[in-house]
Amino acid sequence: MADSQTSVSNSKPQHEITARSDRYDPQAIERKWSERWAQNPDLYKSEPSTTSRKKYYVLEMLPYPSGALHMGHVRNYSIGDALARYMWMQGYNVLHPMGWDSFGLPAENAAIANRTPPKQWTLGNIAAMKRQMKRMGFSYDWSTEVTTCLPEYYRWNQWFFLKFYERGLAYRKKSKVNWCPKCATVLANEQVLSNGCCWRHEDTLVEQRELEQWFLRITDYADELLRDLEKLPEWPEKVRTMQRNWIGRSEGALVDFKLDGIAGPAGDKITVFTTRIDTIYGATSLQLAPEHPIVTDLIANDPELLSKVEDLMTEQRRAKEAGDVGAIEKHGVATGRYALNPFNGERVPIWVANYVLLDYGTGAIMSVPAHDERDYEFAKKYDLDIRVVILPRREGDAADGSPNEPVLPFVETNSLLINSGDWNGLPSEDAIAKMSRYAEEHGFGKATVTYRLKDWGISRQRYWGTPIPMIYCEGCGIVPVPEKDLPVLLPENVEITLAGGSPLAMVPEFVNVTCPKCGGQGRRETDTMDTFVDSSWYFYRYTDATLSDKPLDSDTVGYWFPIDQYIGGVEHAILHLIYSRFWTKVMRDMGLVKNAEPVERLFTQGMVIKDGAKMSKNLGNVVSPDDMVEHHGADATRMYTLFGGPPDQDLDWQDAGVKGISGFLSRVYRFVVRNGRPDCPEWRAVPNGELSPAARKMQRRLHQTIQRITEDFAGRWHFNTSISFLMSLVNELYAYEDAVQRGEQAAPLWLMADVQRKLVLMLAPFAPYLARELWETLGETSDLLRAPWPKYDPALAKEEEMEYAIQVNGKIRSRIVVPADASEDQVRELALADDKVKAAIEGKEIVKVLVVRGRLVNIAVK
RNA sequence: GCGAAAGUGGCGGAAUUGGCAGACGCACCAGACUUAGGAUCUGGCGGGUAAAACCGUGGGGGUUCGAGUCCCCCCUUUCGCACCA
């Protein structure tokens, strides 16, 4: 036992004495420091932006307050917290905030289920989860907490909406929208799962409905959102690719095909979108989406055709709902009508096909079977003409100058045109540009760019969201709520039902309002905003959440932005991360911020899974953080989420693994309690004297560990190996104790102090409670966040001897130990002199001897 | 179908640039201790063998003195996108 501790422990209350016993008691230690830290609300507060210290903004994605943290949260926040604490120790001014993405449907569902008002339910959940976070010991600056469902925050959503409206970026349009019958609300396209179901109700099919909706013009920024992905080298390539695909930029041309014969109400031409106008001489049919408006004109008086088209429509919808549109069996039906190819006047048949989508391009394509996979498959099936109009252009073509016949379908752009009238002989790339220009000059087409990205529909017919600050006046039409009248408060005590439409429409006091323009009778917009609006700019608010006259202060934001490190689940790779990039660009155009991108570095952590599947109540494989904390303590729980595997990969949860960490923390605890002697004068002595081999080994391992962990923080973030190195260090400390017991000379106290202090400092980002407790045991009083991260000395980290493996023809035959500074020649000589090596190469000719410094010698023999 | 990531002991995972495969932890086995514990400490632990040899990183080829790592083909799993014209 460490007798030097007795005087300290005697003066303390009973529950703190346990922390002085030989047994690691995480509950007592964590309770003690929780209480102390609670008395200092400024502990994790960043310094004002006027400080001279370098800033570091580390941010984890804010949770939806569902009621309880799950392991995914714990993992996310343990990564961020380790980083924040490390950066603090590196001397940075760290901003590490937290908040609540607290509008949304679950609160309404809960309100219906429990007859609790959404606000009460939400705030109750927030309080519970905040308690859990504090219990975990996360270093959040709660003075800058953001709660999106409170008017202090959402009034700025409304303010932004008005600004977007002024800039023409918010508009209303009637359009087909995704309607989830269960939510009774509209979903963004992005919120519909690939199987056609609602993202929140995975068993509920989304329907289509026509409604007047508010949209934000994200497509105005499509090009910049795409281009600037290049400026985000510190984002995972995976995420950038996903966003690139999501934006789906496609260069091509629109071409009008005139109808041959009588035109109907939908017009006298069919406009197709194509990326390969160079192949237009090979178009042997047009294919329309079943829902294309002109289809009705073409088949109006043919009931048989009409029913066939309806079948196609059903097939397409079924495939979409089933989530495998890609696997649909291609079907089509000829309309019996024709259109004219504007380039050569040729009559081409018009078909309707189930694989053509109305919502991409123009909903009509020219079918070029020879040069498109899908068109080829379709043409084969229905025996349509296949006409080759481009040939491969590459070396090795026939010697007489005529290129080889291509294997169909031939789709490459490295090609030359044939069978294409005046365009013959042009390379495809030239032809695309020239033919587009020709079409434009002759008034039947033009070059264009299409995007897969669509404008962002933000209207929700729900109660628990930000009211859209608009008024409908019979005389004046759409009138924005004047800025001075913000916020438009969300009324409380509203009856929530699952019946469609906005619950706000049933509150006359809310709906009925005088028109701010003419003073006449007006009616408020009763839709609320998509919650992705809340999360599109919340991280700016953290820089000063107390402002009441503006959403943010540009100078303060200028100091903190961009966010140095953002950490969250990859499931937000598209929606949240593209909306918030869009929002930032609009804010920049408004002159509010200077940065064009919100996030410098993005890290997407893997999911927490158990027994091979994502944790879910259905599977019964959920591990509750509370249970873990109660059993093993917060330190062990959070540390295990880092130890279980690399943070960017899925973590396979193993209850037994937590025990391993718990055992490690116990070993650290016992070592320090046994060996901490802060009351001895030599404890603070400067390094002096020779060290015994065992002491020197311990010291060497200490410096190697510091080096390794420091590098891991700067680079790969493989905290699992960082922690394993800490474990190895502790194993080395135990081996040292053993060596002393066996009679080796003990290390001087200054070294024991050095080793233990640095061990505790390295533990601080991962296990802050235990680290702080042991810091005290070592006689230190400073807060660990302000204690400098230890530095390693390369000279002390260096091994004095090295072991070389000796291979003969790649197989290990022996090992030799040589001084670390031995030259290659010396190593080679020693290797060849080794008895086992001699035996292995006896009677053979040495072809080559290769020395790899610090690792091995390979002797090639024949 | 396209794209990305991955596949290593009984399990989670190490091996950063091609250089001793299996660090660290769990489980298991043995020993020590006895305040008999869900405690602690020490040792062992890929297969194979008496010991060696030898065999081992999803499968098959290749490059190299040397391959878990690089190249080619194939299989499996996960994620993302999906007839995008």
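Rounded to whole Å, the distance from CG on A:Leu856 to P on B:C65 is 15 Å. If you measure from atom CG of A:Asp372 to atom C1' of B:C84, you get 11 Å, rounded to the nearest angstrom. Nucleotide B:C26 holds its P atom 13 Å from the CE atom of A:Met639, rounded to whole Å.
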Expected list for residues 850-858 of chain A: side-chain donor-acceptor pairs under 3.5 angstrom, two or more places apart:
from: A:Arg853; atom 1: NH1; to: A:Ala822; atom 2: O; distance (Å): 3.1
from: A:Arg853; atom 1: NH2; to: A:Ala820; atom 2: O; distance (Å): 3.3
from: A:Asn858; atom 1: OD1; to: A:Gly810; atom 2: N; distance (Å): 3.1

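Other residues, nucleotides and ligands place more than 12 heavy atoms under 6.0 Å from the CD atom of A:Glu429. No more than 12 heavy-atom neighbours from other residues, nucleotides or ligands sit within 6.0 angstrom of CD on A:Glu251.
Distance check on atom C1': B:U78 versus B:G44 gives 36 Å, rounded to whole Å. Distance noted for atom C1' between B:G18 and B:U64: 9 Å (whole Å).
Shown here, B:G12 is classed anti by the O4'-C1'-N9-C4 or O4'-C1'-N1-C2 angle, which is more than 90° from 0.
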Seminar exercise, completed: In B/S/- notation (B base, S sugar-phosphate only, - none; protein heavy atoms under 4.0 Å), nucleotides 33-58 of chain B written 5' to 3' is -----B-SSS-----------SS---

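Salt bridge A:Arg716/A:Glu711: absent, no basic N to carboxylate O contact under 4.0 Å. The existence of a salt bridge linking A:Asp25 and A:Arg23 is excluded, since no basic side-chain nitrogen approaches an acidic carboxylate oxygen closer than 4.0 Å. Ion pair A:Arg708/A:Asp712 flagged as a salt bridge, since at least one NZ, NE, NH1 or NH2 atom sits closer than 4.0 Å to an Asp/Glu carboxylate oxygen. Ion pairing between a basic and an acidic side chain is recognised when a charged N comes within 4.0 Å of a carboxylate O; A:Asp834 and A:Lys836 show no such pairing.
Where pairing requires Watson-Crick or G-U contacts shorter than 3.5 Å, the helical stems of RNA chain B with at least three consecutive pairs are B:1-7 with B:75-81, B:10-12 with B:24-26, B:28-32 with B:40-44, B:58-62 with B:70-74.
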Distances under 3.5 Å only, N/O to N/O: pair up the protein atoms with those of nucleotides 9-13 of chain B.
from: B:C11; atom 1: O2'; to: A:Gln654; atom 2: NE2; distance (Å): 2.5
from: B:G12; atom 1: O4'; to: A:Gln654; atom 2: NE2; distance (Å): 3.1
from: B:G12; atom 1: O2'; to: A:Gly644; atom 2: O; distance (Å): 2.9
from: B:G13; atom 1: O3'; to: A:Asn720; atom 2: ND2; distance (Å): 3.4

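A:Ser728 is linked by a side-chain hydrogen bond (donor to acceptor under 3.5 Å, both in side chains) to nothing, counting only residues two or more places apart in sequence or in another chain. Considering only residues two or more places apart in sequence or on other chains, A:Glu377 meets the salt bridge (charged side-chain N to carboxylate O under 4.0 Å, His left out) condition with A:Lys330.
Sequence order on RNA chain B of the closest nucleotides to A:Tyr355 and A:Phe664 puts A:Phe664 first from the 5' end.
Taking the ring centroids of A:Phe378 and A:Tyr355, they lie under the 6.0 Å cut-off.
Within 4.0 Å (heavy atoms only), A:Glu803 reaches at least one base atom of the nucleic acid. A:Val272 comes within 4.0 angstrom of nothing in the nucleic acid, heavy atoms only. As judged by a 4.0 angstrom heavy-atom cut-off over every strand, A:Gln287 is placed among residues making no nucleic acid contact.
Taking the side chain of A:Arg374 as heavy atoms from C-beta on, and the options B:C84, B:C24, B:C81, the nearest nucleotide is B:C84. Here the nucleotide nearest the side chain of A:Ala656, chosen from B:C65, B:C26, B:U16, is B:C26.
The two atoms that bring A:Val352 and A:Leu312 nearest to each other are O-CD1, 3.4 Å, heavy atoms only.
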